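Let me begin by presenting the structure, written as structure tokens, before commenting on it.
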Number of protein chains: 2
Amino acid sequence: MSEEIKAIQSRMERRDAAENRQRILVAAHKLFEQHGVDQVSMNQIAAEAQIGPGTLYRRYANKGELCLDLIKDSVVRFFEDIEQYLLQNQQEPPDHRLKGILKIYMPFIEKKAQLLTGGKGSASAQRLPYQSQNPLYNKMHQIAVELFDEMAAADHPSPNSIFKADMLLIAISIDSYFYQRDVRGYSPDEILEHLCSTFIKGV
Amino acid sequence: MSEEIKAIQSRMERRDAAENRQRILVAAHKLFEQHGVDQVSMNQIAAEAQIGPGTLYRRYANKGELCLDLIKDSVVRFFEDIEQYLLQNQQEPPDHRLKGILKIYMPFIEKKAQLLTGGKGSASAQRLPYQSQNPLYNKMHQIAVELFDEMAAADHPSPNSIFKADMLLIAISIDSYFYQRDVRGYSPDEILEHLCSTFIKGV
DNA sequence: ATATTAAGCGGAGAGCTCTCCGGATGTCAA
DNA sequence: TTGACATCCGGAGAGCTCTCCGCTTAATAT
């Protein structure tokens, strides 16, 4: 009876484990809203969820992973929005479509910035090569690469769409975005325009 | 007699303090070389220098600051190289000069990466807006802005040289650079070419 | 030489991240 | 139902960052 399920995920999650996961999520959500993500420690979350620290760390190696789980649904919805947008604007030129994607992206990170930044100061998060832990990155990169390729298709098949996409993505990473907004003082619209004139020539 | 000195820096550094600073620098240098920057804790440095943790933190709020002090001279020398290069190539077009600067920059961060990255996982370092704590940033930015301005001078006085310079600088930040090198697998030369074709059009 | 005082020292300790492992407990097969 | 066992729990504890504060000491004024 459980053969098929076991095939899908090698072992069922135990009931107590599932319950604890829920408690963690609820506790974290509550504390994050109350005090802000940065101000809440894994210890506090464990205490609020009434579990031991070991139990918490078993599931989430650091605060970042926990945050990611907390916004998983939002991320899925975000990519659904992107997909729908791309579908409805197939006939538009690729540069226009890329700009449209940025227009969807920016409000999203404005809203989810805290959770996306997550636990930046975590020791184990340091090891990861870059920001690839961010689930947005790979998917967004893929989309951007395709659009850059399409933009360059007519001319030369410039092999650096991958590079360009990386550059665009770090340009709109949380840190960079808020640096432009808060330190340089640009409005989101100005940032968008600057992005386009820097990375997408004729828009 | 000490009036003039006091005028320069409001109070002389006490002799014991100066000695401790030296001990710290020596201890840190030794440990960093022995085990790598990441693997060495502030505690260890204090112990090796035979001072209390409080004494260490009085001078360096985190490992990053200590690292910065350790490469201060290298940074000065780096900018002297830049200045000299710019002087010797005044007649070259600005895009060529910018590429030349990148050629000087890249080996520098290859050599000093560990110390430049410093104590990334430090709590107080998190607060800082971005990577402005990096002493390279502001000066490099200023230089890049001037060159971008010069590049755009003939055409329109495009007001986004500041933005472009920011984008170029995060593109060559330690994290981004090593991501391209280690994950994407580009050689330094390839990175340089991609950078030019992305940020400096006709080079 | 001595007193004054700002600067510096150092260690105790709070609170954190993360690990480890003995014991408990759900799950599945028989 | 029961036994076996993989999974999970929880908390002790190592080691870290960083602060606080009473004490010490170097520099200066007298």
Side-chain angles (χ1 to χ4, degrees), chain A residues 1-7 9-24 27-28 31 35 37-67 118-128, chain B residues 1-24 27-28 31 35-67 118-128:
Chain A
M1 153 224 167
S2 64
E3 289 294 322
E4 313 90 291
I5 297 175
K6 272 168 69 177
Q9 74 188 78
S10 68
R11 267 267 202 262
M12 276 277 288
E13 185 180 36
R14 252 164 56 163
R15 224 191 339 267
D16 54 348
E19 190 194 330
N20 279 334
R21 145 181 271 113
Q22 215 48 39
R23 296 161 77 108
I24 291 170
L31 290 177
H35 307 110
V37 174
D38 295 341
Q39 297 305 311
V40 177
S41 73
M42 292 293 266
N43 264 355
Q44 284 174 278
I45 296 170
E48 172 78 26
Q50 295 185 308
I51 60 175
T55 307
L56 176 54
Y57 276 97
R58 149 172 286 268
R59 229 170 284 287
Y60 302 105
N62 52 59
K63 210 160 63 172
E65 285 189 9
L66 176 49
C67 289
K120 239 205 300 219
S122 151
S124 44
Q126 295 311 317
R127 310 284 139 169
L128 289 180
Chain B
M1 153 223 171
S2 65
E3 289 294 321
E4 312 89 291
I5 298 172
K6 272 169 70 177
I8 293 171
Q9 74 188 76
S10 67
R11 269 267 203 256
M12 277 278 286
E13 187 181 33
R14 263 215 246 167
R15 225 190 333 268
D16 55 347
E19 189 194 329
N20 278 334
R21 143 181 275 115
Q22 215 48 38
R23 297 162 77 107
I24 292 170
L31 291 178
H35 307 109
V37 174
D38 296 342
Q39 297 304 313
V40 177
S41 72
M42 291 293 266
N43 263 357
Q44 285 173 276
I45 296 170
E48 173 77 27
Q50 294 185 308
I51 60 174
T55 305
L56 177 54
Y57 276 97
R58 149 172 286 269
R59 227 169 288 284
Y60 302 106
N62 53 61
K63 209 160 62 173
E65 286 189 8
L66 176 48
C67 289
K120 237 206 303 218
S122 150
S124 44
Q126 295 311 317
R127 310 284 138 169
L128 289 181

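Keep in mind the model is a prediction, meaning the values are calculated, not measured. Convention: sequence-line order gives letters A, B, ...; per-chain numbering from 1.
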- request: Show your working on side-chain contact (heavy atoms from CB on, under 4.5 Å) between B:Glu48 and B:Val40 and close with a plain yes or no.
  value: CA-CA 11 Å; B:Glu48 173 77 27; B:Val40 177; over 6 Å; no
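In this structure, A:Gln44 atom CD and C:dA14 atom P are separated by 16 Å, rounded to whole Å. Rounded to whole angstrom, the span from the CZ atom of A:Arg14 across to the C1' atom of C:dA24 amounts to 8 Å. If you take CD of A:Glu13 and P of D:dA6, they are 19 Å apart, rounded to a whole angstrom. Rounded to a whole Å, the CG atom of B:Asp16 is 19 Å from the P atom of D:dC23. When the P atom of D:dA14 is taken as reference, atom OH of A:Tyr57 falls 17 Å away, rounded to whole Å. If you take CG of A:Leu56 and P of D:dG11, they are 13 Å apart, rounded to a whole angstrom. In this structure, B:Gln39 places its CD atom 12 Å from P of D:dT17, rounding to the nearest Å. Between the CZ atom of B:Arg23 and the P atom of C:dC9 there is a distance of 10 Å, given to the nearest Å.
Using a distance-only test at 3.5 Å, with no hydrogens or angles considered, no donor-acceptor pair links the side chain of B:Gln39 to the main chain of B:Gly36.
The heavy-atom pair separating A:Met42 from A:Leu56 by the smallest distance is O-CD2, 3.1 Å.
When side chains are defined from C-beta on, B:Glu65 does not count as touching B:Tyr57, because their heavy atoms never get closer than 4.5 Å.
Of the listed nucleotides (D:dT7, C:dC9, C:dT17), C:dC9 has the atom at the smallest distance from the side chain of B:Asn20. Closest to the side chain of B:Arg59, out of C:dG8, D:dG11, C:dT17, is C:dG8. Nearest nucleotide to the B:Pro53 side chain, out of D:dC18, D:dT17, C:dC16: D:dC18. Of all nucleotides listed (C:dT27, C:dT19, D:dC18), C:dT27 comes nearest to the side chain of A:Arg15.
Across the interface with DNA chain C, nearest-nucleotide mapping of A:Thr55 and A:Met42 shows A:Met42 to be the residue nearer the 5′ end.
Considering only side-chain N and O atoms, B:Asn43 lies nowhere under 4.0 angstrom from the phosphate OP1 or OP2 of D:dG15. At the phosphate of D:dC16, OP1 or OP2 sits under 4.0 Å from a side-chain N or O atom of B:Ser41.
The distance from atom CZ of B:Arg21 to atom CG of B:Leu66, rounded to the nearest 0.5 Å, is 10.5 Å. Taking CD1 of A:Ile51 as the start and CD1 of A:Ile24 as the end, the distance is 3.5 Å to the nearest 0.5 Å.
Residues from residues 45-52 of chain A with heavy atoms under 4.0 angstrom of DNA chain C: there are none.
Residue B:Arg21 is out of contact with every strand shown, counting any heavy-atom pair closer than 4.0 Å. Using a 4.0 Å heavy-atom cutoff across all strands shown, A:Arg58 reaches at least one base atom of the nucleic acid.
A salt bridge is absent between B:Arg15 and B:Glu19; no separation between the charged side-chain nitrogens and carboxylate oxygens falls under 4.0 Å.
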